[in-house]
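Here is the structure we will look at.
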Amino acid sequence: MQTLTISEIFSQFAFYQAEYLNILNTPAQYATPVQQASLDLWPFNRAELCLGELLQLWLGNKWVIQPAAQIFDADPVLKRHLPQQQDLYVYDIHGNILTGKYEAWAWSVSQNQAVKVEVESAVQYYSIYKSLSAPQAA
């Protein structure tokens, strides 16, 4: 099975958005491995994230960080000058729940590269991940 990279996904992100429902309903496509996409929070087991999981998390706006500038949404003059799309798509979180020390990586659409980001509650990200459902193999 082909392994994707995060940059490959975002170079064809419109395709993945258009094919989202097909991918979610096709076990082989859903389970496509993605390099460096994982959730590793001690004391929980490490989870390697696959394409279907990432698409659910991103397109459901669960693992998307809004640009800080969107705080000004209430001001229509400022809003015209701000980016209107989500910018940071989280794909890798690791750390220790007990100490609260985490490191996370996201793909920045505006910079077209991976960037290190801060996440407020890795437990929340973990809980959202655990709520995902995968297609059943026929």
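For reference, positions follow the sequence shown, starting with 1. In this text the structure is predicted, and so the values were computed from the model without any measurement.
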Measure the shortest side-chain to side-chain distance between [X] and [Y] over non-hydrogen atoms and say whether it is less than 4.5 angstrom.
X: Lys62; Y: Tyr129; result: no
X: Tyr125; Y: Val119; result: yes
X: Leu39; Y: Tyr126; result: yes
X: Trp58; Y: Ile9; result: yes
X: Ile6; Y: Leu54; result: yes
X: Thr3; Y: Val34; result: no
X: Arg46; Y: Ser38; result: yes
X: Ser7; Y: Trp107; result: yes

About how many Å separate [atom2] of [Y] and [atom1] of [X], when rounded to the nearest 0.5 Å?
X: Leu51; Y: Gln56; atom1: CG; atom2: CD; answer: 10.5 Å
X: Asn25; Y: Tyr30; atom1: CG; atom2: OH; answer: 10.5 Å
X: Leu24; Y: Leu55; atom1: CG; atom2: CG; answer: 7.0 Å
X: Ile23; Y: Gln17; atom1: CD1; atom2: CD; answer: 10.5 Å
X: Glu118; Y: Ile65; atom1: CD; atom2: CD1; answer: 9.5 Å
X: Trp63; Y: Leu57; atom1: CH2; atom2: CG; answer: 5.5 Å

Would the distance check show the side chain of [X] and the main-chain N or O of [Y] forming a donor-acceptor pair, the cut-off being under 3.5 Å?
X: Asp92; Y: Ala37; result: no
X: Asn96; Y: Lys101; result: no
X: Gln124; Y: Ser121; result: no
X: Thr26; Y: Gln29; result: no

Are Leu98 and Val123 linked, directly or through other ILVMFWY residues, by side chains that come within less than 4.5 angstrom of each other? no

Please check if atom CG in Asn22 has more than 12 non-hydrogen atoms from other residues, nucleotides or ligands closer than 6.0 Å. yes

Is the count of non-hydrogen atoms from other residues, nucleotides or ligands lying under 6.0 Å from Gln36 atom CD greater than 12? no

Do Tyr89 and Phe13 have ring centroids that are under 6.0 Å from one another? yes

Start with the C-alpha gap between Cys50 and Thr32, add the side-chain angles, then the distance that decides, and say whether side chain to side chain contact (heavy atoms under 4.5 Å, CB included) holds. CA-CA 5 Å; Cys50 64; Thr32 301; 5.9 Å; no

Carefully, step by step, assess Trp42 and Ile97 under the rule side chain to side chain contact (heavy atoms under 4.5 Å, CB included). CA-CA 6 Å; Trp42 191 89; Ile97 298 245; over 6 Å; no

Quick one: salt bridge (charged side-chain N to carboxylate O under 4.0 Å, His left out) partners of Lys130, sequence neighbours excluded? none

Return the minimal non-hydrogen interatomic distance between Ile93 and Ala104, and the atom names on each side. CG1-CB, 4.0 Å

For a quick test of reading the model, state the closest non-hydrogen atom pair linking Glu48 to Glu53 and the distance between them. O-OE1, 3.8 Å

